[in-house]
Amino acid sequence: MSPALEQFFAMSGYGTYVWSSFALALGIVLLNVWLAKRSLADAERDARRRLDMARESVP
Amino acid sequence: MYGFARRWAPWFGGCAAVAMFVALYGGLVLAPPDYQQKDAFRIVYVHAPVATFSMVIYTTMALAAAVGLIWRMKVAHAVAAASAPIGAWLTIATLGTGMLWGKPMWGAYWVWDPRLTSELVLLFLDFGYMGLRAAIEDPQKADKASAVLAIVGVVNIPIIRFSVDWWNSLHQPATTKLLGDPDMDGSMVWPLLLMLVAFALYYAAVMLVRLRAELLRRERNASWVREVLS
């Protein structure tokens with residue numbers, strides 16, 4: 001690794017704190033997106049099931 | 001509303017991703033190190049936006065809940081319900097990134113400081129709101145009960161916001177001001193402001209996806225659901 005890059009990752013000695021806080025924030029940002037998409041997929045699946053059941057009960 | 005959410009969420013999300021990327025580059029690479037905190041100050045670029053939005057989202061929840069109670073708008077209650085988990089996660093991110101900043105600056109991950117304690121109370125309010133909704137099966141009753149909780153809990157927001165001014169706090173005061181010059185140099189402040197814009201777009205995108213789920217769960221009108229699902 002070049003010295004400039006090494007210096008960048010070291011963050012004047014605070015690298016552990018800086019990078020772990022950025023990783024934590026990024027992780028939660030992505031987790032929020034994933035959870036929202038999963039919640040929508042669940043709701044769509046349940047709504048489809050309700051529609052199918054309603055259709056079957058109609059003679 | 002459902003169609004609006006479906007159409008606009010990807011645009012908000014896309015713009016948020018671009019803005020976050022540019023703000024990260026500005027904050028991590030272009031901005032110079034702080035003369036006191038050196039490179040540790042860069043944590044502000046994630047900590048301040050998630051902290052701001054943990055409060056903005058709770059305030060939005062309380063406002064939406066109030067609108068839902070006063071004008072009996074189902075969509076408003078759905079907006080509040082869709083916002084709660086996003087707010088809770090951002091509150092966790094605030095506490096986590098704050099602890100990672102507190103350790104090198106103050107020597108401790110946690111202190112029972114007014115700012116930190118009131119933010120922890122915000123997390124419990126978010127949890128309480130979600131727990132209450134989950135515990136009540138009838139959606140209309142859940143809307144009403146959780147709305148009252150959200151509105152009462154909003155009193156905590158000014159306590160968090162002004163805790164650093166009202167009490168002698170270990171936490172540093174606000175970095176940016178609504179009016180007047182910020183305490184930071186321009187090269188340091190623009191990535192922060194851009195990150196705030198990015199999080200506004202991000203919140204809009206994620207909330208709209210969750211709002212669609214909320215609307216589908218509440219909707220009993222089969223023809224409407226059939227139309228949006230086909």
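Taking the ring centroids of B/Trp101 and B/Phe41, they lie at or beyond the 6.0 Å cut-off. In this structure, B/Phe127 has its ring center no closer than 6.0 Å to that of B/Trp89.
Scanning both residues, B/Ile57 and B/Ser83, for their nearest heavy atoms gives CG2-O, 3.5 Å. Considering all non-hydrogen atoms of both residues, A/Asn32 and B/Pro85 come closest at OD1-O, 4.1 Å.
The choice from B/Ile43, B/Thr97, B/Leu90, B/Val228 that makes the most heavy-atom pairs within less than 4.5 Å of chain A is B/Ile43. Most heavy-atom pairs under 4.5 Å with chain B: of the set A/Ala47, A/Ser12, A/Gly27, this distinction falls to A/Ser12.
Residues from residues 203-213 of chain B that place a non-hydrogen atom less than 4.5 Å from a non-hydrogen atom of chain A comprise B/Val206, B/Val209, B/Arg210, B/Arg212, B/Ala213, given in numerical order.
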Q: Show your reasoning for whether ring-ring contact (aromatic ring centres under 6.0 Å, His included) applies to A/Phe8 and A/Trp19.
A: CA-CA 11 Å; A/Phe8 174 69; A/Trp19 294 117; 5.5 Å; yes
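Side chains of A/Ser39 and B/Arg217: a donor on one and an acceptor on the other come within 3.5 Å.
For B/Gln37, the part sitting under 4.5 Å from any heavy atom of chain A is the backbone (N, CA, C, O) and nothing else. If you measure heavy-atom distances from A/Leu24 to chain B, the contacts under 4.5 Å come from the side chain alone. Both the backbone and the side chain of A/Tyr17 come within less than 4.5 Å of a heavy atom in chain B. Contacts between A/Leu35 and chain B at a heavy-atom distance below 4.5 Å involve backbone atoms as well as side-chain atoms. Heavy-atom distances place no part of A/Asp46 under 4.5 Å from chain B, backbone and side chain included. Neither the backbone nor the side chain of B/Leu215 comes within less than 4.5 Å of any heavy atom in chain A.
Residue-environment remark: CH2 (B/Trp11) stays at or below the threshold of 12 foreign heavy atoms within 6.0 Å.
Interatomic distance, B/Ser146 OG to B/Met61 CE, rounded to the nearest 0.5 Å: 8.0 Å.
Electrostatic pairing of A/Lys37 and A/Asp42 does not count as a salt bridge here, judged by no charged N lying under 4.0 Å from a carboxylate O.
B/Ser187 places a side-chain heavy atom less than 4.5 Å from the side chain of B/Pro32.
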